[in-house]
2 protein chains.
Amino acid sequence: MTNLTLKQLRYFEALARHNHFGRAADACAISQPAISVQIRELEETLGTELFERGPRQVRLTNFGEEFALRVRDILRSVDELADLARSSRDRLVGRLRIGVIPTIAPYLLPTIIGNLSSMHDGLDIHVRETQTQKLIQELADGRLDAAIVALPVSEPSLTEIVLFAETFVLVRPGEDEGKPVPNREMLREMRLLLLEEGHCFRDQALSFCNMHSARPRELLDGSSLSTLVQMVSAGIGVTLIPEMAVPVETRSASVSIARFRSPQPSRTIGMIWRKTSPIAKQLLRISEIVRQSADTLRAQHNPTPLAHLLNLTATA
Amino acid sequence: MTNLTLKQLRYFEALARHNHFGRAADACAISQPAISVQIRELEETLGTELFERGPRQVRLTNFGEEFALRVRDILRSVDELADLARSSRDRLVGRLRIGVIPTIAPYLLPTIIGNLSSMHDGLDIHVRETQTQKLIQELADGRLDAAIVALPVSEPSLTEIVLFAETFVLVRPGEDEGKPVPNREMLREMRLLLLEEGHCFRDQALSFCNMHSARPRELLDGSSLSTLVQMVSAGIGVTLIPEMAVPVETRSASVSIARFRSPQPSRTIGMIWRKTSPIAKQLLRISEIVRQSADTLRAQHNPTPLAHLLNLTATA
DNA sequence: TACAGCGATAAGATGACATTATGACAAACC
DNA sequence: GGTTTGTCATAATGTCATCTTATCGCTGTA
């Protein structure tokens, strides 16, 4: 006894509709014996007759009627499967789980989520905000689809794509406005407030000061850039923040922002995902949207690249 | 590009559950390459990846997750199809459309329907009450599953099975009680009330009088036995009714019932259905229930066969 | 009685699908 | 660092399902 097959159900449905082997066979674009055999096998599999073969006509049995109702449901569902696949072949659909490091998330996410949602209305976006190492782990575990982190991560299993570079700026108490901008060596002598262990931005800042992971004299661990800026505002010390954070974090704090002279501290922000990800193509498209979002965002605060440069030299 | 197959969906479901080709293959009792190939073909058919193949694990894609939900629904429905067939293989299920001639229906149907309904609770019974020729036509057209008629019908496409024989009794006005029972010749001289053309019982009665289809002097057409009895009660004439109708039809009429001496008029009642009917076996069982119902019914009115005989000779 | 319509059956060709063997690749383990 | 292990993909091949064409048998009709 063979198993039920969709083919048999399709033939059955055609025969149920036409009540005629020949016409049903035509409808299925097969020969009459083919449908004849398949229907017989279907009936054998079920152990029940589905059709009553009369000399003048073929008719569904009572059971066949009920069977037909269910079969039509099933065939419709199956056809919908194919439709579903076709419609979501290129379009990004369903859940997009994206991770972002905390020193990027608050500044970039509102714009990104807005843009992505409006461009892909079938998409619901889950955001995970944590540090790079955890993001990479969750990416590998398949709990995330992509992450926005500072490059490089140098994981062979991950695709990295550069989004943009962002410079770091010095945040000093408000009364320091106009004072000379310290260089890296001078910075090392100041009370530098940094994020706690694990944040890549902490390492990047330390790296700029040539301090690497060695613990400096008077570092204070802060949990967020916002906290650090508030502490600076209170005169406790100075800190570095990424340029993108400036508009948000200095809005309600009496601090002074200074940009370093060359070499400017900076980092590269990029997006990563598993090389094996089946939505790699869509993720690439998303990365472009993210890049544009970031560009727009920065253009809002630094109206033109030229103005940006002027501003830089002025403060330096 | 091949079509979707249930096999592919089953393999897919197994793989979605196990996230492992080898174990999924075991679960399906096939080899690993078999499932590998089928999944690939499924993905090709859909034009989308369902799984993300990592070196350490296999994971559903977003689309695969949604696909899996639907596939599980479909597979469940398909399995229910087989269950449905198995459960209704022997049991009579669904609609039973049964036709009954009018000179039987009112007397037999209440009992039959009660018995059938209680014995097959999944059965809903549709009754059609009309004359034999129409019943046979509707049977042939597949609009009826079976019919209860007077035999023989001699249709080669139909199975006939005898249910019981019933005699005809003479109905005279109440004041004729005790008068000698007329014989067939005498009956021909009386004002005999009969059903209108088309009723087999009319022909059977005429036949008893050796009148066949020739129109006698003073026949009056009545539409039902009930009407005929009422007319007899009013003194308009006499009539014949089947024995089974006696309890019902003489309850509220002042008429006298007389049974003929041998040869007693009678007819054979049977059940018929298409020889090709797939529920032939069940119909045979139903015919037994009908026969029992009829026996019970007659036993209620003629408490014992012996009493019946005594009553017969007494009135004759 | 011959004919036409229709479904069932038979025989041969084709294709789908399984199996076994093997390859490719990454991870894990001396 | 090479080897082993685990895992999925691919290849070669055999088998079975299923299709097609040809034909039969039955039934109702001209």
Side-chain angles (χ1 to χ4, degrees), chain A residues 1-12 14-16 18-45 49-61 64 137 140-142 155-158 274-278, chain B residues 1-12 14-16 18-45 49-61 64 136-137 140-142 155-158 274-276 278:
Chain A
M1 176 200 287
T2 59
N3 240 328
L4 281 184
T5 69
L6 275 184
K7 202 179 300 193
Q8 288 172 342
L9 296 188
R10 290 194 194 281
Y11 292 177
F12 164 79
L15 183 55
H18 292 101
N19 285 322
H20 188 286
F21 279 75
R23 282 189 284 277
D26 281 350
C28 299
I30 54 169
S31 65
Q32 170 262 314
I35 199 170
S36 203
V37 168
Q38 287 303 315
I39 295 295
R40 179 165 49 75
E41 294 198 348
L42 177 58
E43 289 176 327
E44 280 172 12
T45 305
E49 284 184 74
L50 292 167
F51 293 95
E52 183 181 336
R53 280 96 159 154
R56 273 338 266 176
Q57 56 189 330
V58 176
R59 229 195 326 271
L60 277 173
T61 62
Q137 186 58 50
D141 291 348
E155 280 284 334
S157 64
L158 299 181
R274 290 184 301 280
K275 282 180 177 162
T276 55
S277 174
Chain B
M1 177 198 289
T2 60
N3 240 326
L4 281 184
T5 68
L6 277 184
K7 202 178 302 193
Q8 288 171 341
L9 297 188
R10 290 192 195 281
Y11 292 176
F12 164 79
L15 184 55
H18 291 103
N19 285 322
H20 189 283
F21 279 76
R23 282 189 283 279
D26 281 350
C28 299
I30 54 169
S31 65
Q32 172 263 315
I35 199 172
S36 203
V37 168
Q38 287 304 314
I39 295 295
R40 180 167 48 76
E41 292 197 348
L42 177 58
E43 290 177 326
E44 278 173 11
T45 305
E49 283 185 74
L50 293 166
F51 293 95
E52 183 181 338
R53 281 97 160 150
R56 268 347 261 177
Q57 56 190 333
V58 174
R59 224 194 330 267
L60 277 173
T61 62
I136 289 175
Q137 186 58 50
D141 291 348
E155 280 284 337
S157 65
L158 298 181
R274 290 184 301 279
K275 282 179 176 163
T276 57

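The structure displayed is predicted, hence computed values, not measured ones. Lettering follows sequence order; numbering is per chain, from 1.
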From [atom1] of [X] over to [atom2] of [N], roughly how many Å is that when rounded to an integer?
| X | N | atom1 | atom2 | value |
| --- | --- | --- | --- | --- |
| B/I35 | C/dT20 | CD1 | C1' | 17 Å |
| B/F21 | C/dG23 | CZ | P | 21 Å |
| B/R59 | D/dC8 | CZ | P | 12 Å |
| B/L6 | C/dC17 | CG | C1' | 15 Å |
| B/D26 | C/dA18 | CG | P | 15 Å |
| A/N19 | C/dG5 | CG | C1' | 16 Å |
| A/I39 | D/dA17 | CD1 | P | 18 Å |
| A/E44 | D/dT18 | CD | C1' | 15 Å |

When you compare the side chain of B/L60 with that of B/F51, does any pair of heavy atoms fall below 4.5 Å?
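Counting from C-beta outward, B/F51 and B/L60 do come under 4.5 Å.
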Would you call B/E52 and B/V58 a side-chain contact if the rule is heavy atoms closer than 4.5 Å?
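A side-chain contact is absent here, since even the closest heavy-atom pair is not under 4.5 Å.
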Verify the contact: side-chain N or O of [X] to OP1 or OP2 of [N], cut-off strictly under 4.0 Å; return yes or no.
| X | N | result |
| --- | --- | --- |
| B/K7 | C/dA18 | yes |
| B/R53 | C/dC25 | no |
| A/S36 | C/dG7 | no |

What closest approach, in Å, do [X] and [Y] show between heavy atoms, and which atom pair accounts for it?
| X | Y | result |
| --- | --- | --- |
| A/Y11 | A/C28 | CD2-SG, 3.7 Å |
| B/Q8 | B/N3 | OE1-O, 3.7 Å |
| A/A34 | A/I30 | CB-CD1, 3.9 Å |

Looking at every strand, decide which applies to A/F51 at a 4.0 Å heavy-atom threshold: base, sugar-phosphate, or nothing.
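Counting heavy atoms under 4.0 Å across all strands, no contact is made by A/F51.
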Once you round to the nearest 0.5 Å, how far does CZ of A/R10 lie from CG of B/L4?
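Here the interatomic distance stands at 7.5 Å.
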Quick one: pull up CD in A/Q32 and NE2 in A/H20 and give me the separation to the nearest 0.5 Å.
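A/Q32 atom CD to A/H20 atom NE2 measures 9.0 Å (nearest 0.5 Å).
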Verdict with reasoning, A/R53 to A/I39, per side-chain contact (heavy atoms from CB on, under 4.5 Å)
CA-CA 12 Å; A/R53 280 96 159 154; A/I39 295 295; 3.7 Å; yes
Derivation of the side-chain contact (heavy atoms from CB on, under 4.5 Å) call for B/K275 and B/L158:
CA-CA 5 Å; B/K275 282 179 176 163; B/L158 298 181; 5.9 Å; no
What N/O pairs connect the protein and nucleotides 20-22 of chain D at under 3.5 Å? Give each pair on its own line.
| residue | atom | partner | partner atom | Å |
| --- | --- | --- | --- | --- |
| D/dT20 | OP2 | A/S31 | N | 2.7 |
| D/dT20 | OP2 | A/S31 | OG | 2.7 |

Once you build an axis from the first five pairs and another from the last five of the helix from C/dT1-D/dA30 to C/dC30-D/dG1, how far apart in angle are they, to 10 degrees?
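Here the local axes at opposite ends form an angle of 0°.
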Measure from the side-chain heavy atoms of B/Q38 and tell me the nearest of C/dA8, C/dC17, D/dT18.
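Selected nucleotide: C/dC17.
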Candidates D/dA9, D/dT7, C/dC6 - which lies nearest the side chain of B/H20:
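Side chain of B/H20 sits closest to D/dT7.
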